[in-house]
There are 2 protein chains.
Amino acid sequence: MSEQFQGGLRLLSKPTKLADIAALAGVSTATVSRALSGHPSVSKATQARIQALAREHDVRPNQLARNLRLRSTGAIGLAMPLGHARTQHLTDPFFLSLLGYIADLLVDRGYDVLLSRVLPENGDWLDRLVDAGRVDGLLLVGQSDQYETIERVASRYGPLVAWGVHRDGQRHLAIGSDNVAGGRLAAEHLLERGRRRLLFVGDPAPPEFGDRFAGFAAAARAAGVRAEVLATAMDPDRVHAAMRTRLAVGTLPDAIFAASDVAAMSVLRAVSEAGLDVPREVAVIGYDDVTLAAHTSPPLTTIRQDLARGAALMVERLLARVAGEPAEHAVIAPELVVRAST
Amino acid sequence: MSEQFQGGLRLLSKPTKLADIAALAGVSTATVSRALSGHPSVSKATQARIQALAREHDVRPNQLARNLRLRSTGAIGLAMPLGHARTQHLTDPFFLSLLGYIADLLVDRGYDVLLSRVLPENGDWLDRLVDAGRVDGLLLVGQSDQYETIERVASRYGPLVAWGVHRDGQRHLAIGSDNVAGGRLAAEHLLERGRRRLLFVGDPAPPEFGDRFAGFAAAARAAGVRAEVLATAMDPDRVHAAMRTRLAVGTLPDAIFAASDVAAMSVLRAVSEAGLDVPREVAVIGYDDVTLAAHTSPPLTTIRQDLARGAALMVERLLARVAGEPAEHAVIAPELVVRAST
DNA sequence: CACGTTATCGCAATCGATTGCAACAAATTT
DNA sequence: AAATTTGTTGCAATCGATTGCGATAACGTG
């Protein structure tokens with residue numbers, strides 16, 4: 001480490017810490033610290049000398065010690081509760097993109113990002129994350145089925161922001177899109193195209209998807225048509241299987257609203273395997289507007305959630321909370337993106 | 001924080017650290033530390049009492065202080081150098097899946113994951129990551145165009161593992177798949193299907209893609225046919241545009257090998273837009289076998305890279321290096337997955 | 001020449017947890 | 001009853017960087 005020759009300057013091993021540089025330069029650790037941070041009270045000459053030494057030996061202040069002293073970690077936790085998808089890995093491009101945007105923004109602002117993919121096995125997971133003291137704040141990418149846990153922890157821990165829905169009386173700060181409005185957009189677009197036999201495909205249990213269906217069904221009802229629902233788990237294989245079964249029996253829908261773009265891809269496949277033409281015989285619309293949506297065949301009409309904006313809002317409000325300022329929830333408006341599948 | 005009433009036990013504010021619990025329990029901090037870690041030298045009675053107190057007040061040892069004292073961080077850095085894709089966000093499902101697998105494995109082993117998406121603006125980025133002392137080891141998801149930098153840093157820093165190619169004489173430890181073999185598999189499969197007008201689509205500059213094309217071309221040559229190359233940047237729009245242009249002129253290929261599955265999706269779209277049937281008129285094969293590959297229409301034949309295994313190898317070898325043990329590079333064999341697009 | 005300024009720099013406390021060693025009490029042995 | 005062992009606990013140093021305050025030297029001024 002940094003044992004040095006009895007009073008001499010010859011280090012027995014590589015210098016790694018500020019004290020080593022201090023010994024080399026013949027000054028105190030305090031001076032080295034100040035020199036590296038550009039403190040004005042250390043002379044230009046020593047400042048340059050010390051910085052050169054530090055650079056030469058690849059010595060940088062240890063962040064752990066620094067953060068301990070400064071009582072701040074410089075890191076934000078980014079967690080992804082996977083409650084209703086225990087067996088599934090994080091593969092949904094929507095969440096991954098959101099995660100990427102968030103990571104970008106945080107890094108830009110000088111924060112480190114501590115990633116924890118969480119399988120909530122007991123109600124303890126969030127407390128552990130919060131109390132470990134490794135992060136200045138916590139971002140939750142999705143609420144999953146952990147609404148209660150999040151509510152409980154949020155009541156005692158401020159710097160916590162989740163992506164997801166906001167209900168009346170909710171204590172935790174959530175940023176999300178208006179899924180009811182999104183579902184309505186989808187229905188209105190299909191109705192405008194003259195479609196009348198509407199089918200919703202997806203899992204209506206999670207609140208986001210439930211809202212999408214609610215908006216969809218409400219708009220349909222307003223137009224005097226009924227929206228059928230094909231309930232299925234959201235992983236591609238299950239969606240595909242459910243869709244194939246559905247297409248084999250009963251009257252064919254002439255428009256399908258998939259709860260997510262990934263689900264829509266499975267729908268597209270099942271539909272084309274059934275020999276049906278998209279969009280002539282069946283229109284398909286997705287949700288999210290992930291990057292790949294523009295590159296399916298045919299390109300997918302979808303309801304866009306502005307992830308860049310969502311991520312920016314999450315980061316902005318979280319950092320406000322970290323700084324002790326108040327911050328409220330926000331809703332971003334969904335937007336219809338028309339492509340060739342409708 | 002933890003100021004307490006002059007000699008009394010009434011805390012003025014919430015207890016947050018072990019010393020606070022110590023004051024509450026009327027013991028020393030040392031005893032609290034030992035009690036929480038289940039050290040045998042503290043009596044069962046006090047141990048239970050202290051644990052109850054800590055649980056009741058949501059107090060857990062501060063990880064920063066703990067790690068500083070223990071000279072280990074309990075965290076692994078996970079960085080994604082984006083050299084030849086400066087403007088692009090991390091959206092490639094291949095890298096994201098790899099990232100997900102790695103994060104899972106590390107969390108399972110009790111490590112935290114410190115995520116840094118890096119835009120290498122100067123040769124300094126990797127040194128900073130290494131010398132900040134926040135992580136016990138570093139995982140690089142992709143080498144991008146930073147081969148030289150990685151080589152340099154690896155020569156002085158052991159616990160560093162990258163996903164990517166291994167060249168003779170390479171100093172840094174890399175795990176990757178045999179891209180030459182993968183390219184060969186693709187060509188052989190297409191030739192077996194009777195295809196003769198082979199086209200490679202993608203950017204042959206990055207070493208992985210270059211190898212894929214090399215294997216592809218070699219196998220074609222061995223069969224007496226020539227493999228054409230359509231060089232293009234890898235983002236979906238550029239691939240789509242390049243493909244559309246290519247299909248408009250010259251002789252049509254009867255088989256297309258895309259450098260990645262994501263690129264293959266754009267190829268599929270361009271081909272179907274040109275009114276060509278897949279696979280009757282044009283066969284399409286991708287590379288990676290990302291989750292979505294099974295759900296394109298038609299489902300994509302592809303060369304599978306076993307990411308779960310790749311991630312496991314990366315983590316295993318990194319942790320060996322962290323523990324000071326030697327570890328060598330590894331190559332995983334690609335595998336042909338036949339679906340409906342060929 | 002005495003005294004006040006100013007520019008540099010070091011001392012030592014601090015952040016919070018861990019742990020070797022010593023201190024002490026209780027229990028056991030002689 | 002004295003000596004020894006066993007079982008618990010506290011003291012204090014340590015990890016490495018930061019920073020308020022005081023010390024020192026160099027400088028200028030009357």
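Residue numbering restarts at 1 for every chain, and letters A, B, ... go by the order of the sequence lines.
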Asker: Determine, step by step, whether L313(A) and I332(A) satisfy the side chain to side chain contact (heavy atoms under 4.5 Å, CB included) criterion, reporting the C-alpha distance in whole Å, the side-chain angles of both residues, the deciding distance to 0.1 Å, and the verdict.
Answerer: CA-CA 9 Å; L313(A) 280 170; I332(A) 64 183; 3.5 Å; yes
Asker: Heavy-atom contacts under 4.0 Å between residues 31-49 of chain A and DNA chain D, which residues?
Answerer: S33(A), R34(A)
Asker: Assess the residue pair I76(A) and V113(A) against the criterion (side chain to side chain contact (heavy atoms under 4.5 Å, CB included)); give the C-alpha distance rounded to whole Å, side-chain angles, the decisive distance to 0.1 Å, and a yes or no.
Answerer: CA-CA 5 Å; I76(A) 297 292; V113(A) 178; 5.6 Å; no
Asker: If an axis is fit to five pairs at each end of the helix from dC1(C)-dG30(D) to dT30(C)-dA1(D), what is the angle between the two, to the nearest 10°?
Answerer: 60°
Asker: For the backbone of L18(A) and the side chain of T29(A), can you confirm whether one donor and one acceptor N or O come within less than 3.5 Å of each other?
Answerer: no
Asker: Quick one, which residues of residues 51-64 of chain B touch DNA chain D with a heavy atom under 4.0 Å?
Answerer: none
Asker: Could you go over nucleotides 13-15 of chain D and give all protein N or O partners under 3.5 Å, atom names and distances?
Answerer:
{"from": "dT14(D)", "atom 1": "O2", "to": "R69(B)", "atom 2": "NE", "distance (Å)": "3.3"}
{"from": "dT14(D)", "atom 1": "O2", "to": "R69(B)", "atom 2": "NH1", "distance (Å)": "3.0"}
{"from": "dC15(D)", "atom 1": "O2", "to": "R69(B)", "atom 2": "N", "distance (Å)": "3.3"}

Asker: Residues two or more places apart in sequence or in another chain: which of them pass side-chain hydrogen bond (donor to acceptor under 3.5 Å, both in side chains) with R152(B)?
Answerer: D127(B)
Asker: Could I get the full list of ring pair (Phe, Tyr, Trp, His ring centres under 6.0 Å) partners for Y157(B), not counting sequence neighbours?
Answerer: none
Asker: Could I get the full list of side chain to side chain contact (heavy atoms under 4.5 Å, CB included) partners for A174(B), not counting sequence neighbours?
Answerer: Q143(B), Q170(B), H172(B)
Asker: Between the main-chain N or O of G74(A) and the side-chain N or O of D136(A), is there a donor-acceptor pair closer than 3.5 Å?
Answerer: yes
Asker: Can you list the residues that meet the side chain to side chain contact (heavy atoms under 4.5 Å, CB included) rule with E325(A), with sequence neighbours excluded?
Answerer: A320(A), A323(A)
Asker: Tell me, please, which residues at least two apart from L105(B) pass side chain to side chain contact (heavy atoms under 4.5 Å, CB included).
Answerer: A311(B), A312(B), V315(B)
Asker: Would you mind telling me which residue lines up with the more 5' stretch of DNA chain D, R66(A) or V27(B), judged by nearest nucleotide?
Answerer: V27(B)
Asker: Nearest whole angstrom, please: distance from the C1' of dG10(C) to the CD1 of I50(A).
Answerer: 12 Å
Asker: Which atom pairs, one a donor and one an acceptor, fall under 3.5 Å between side chains of residues 34-41 of chain A and the rest of the protein, sequence neighbours left out?
Answerer:
{"from": "S37(A)", "atom 1": "OG", "to": "S33(A)", "atom 2": "O", "distance (Å)": "3.2"}
{"from": "S37(A)", "atom 1": "OG", "to": "R34(A)", "atom 2": "O", "distance (Å)": "3.3"}

Asker: With a 4.0 Å cut-off on N to O distance, would you call D112(A) and R134(A) a salt bridge?
Answerer: no
Asker: With sequence neighbours excluded, tell me which residues meet side-chain hydrogen bond (donor to acceptor under 3.5 Å, both in side chains) with N67(B).
Answerer: none
Asker: What residues form a side chain to side chain contact (heavy atoms under 4.5 Å, CB included) with R49(B), not counting sequence neighbours?
Answerer: A25(B), V27(B), T46(B)
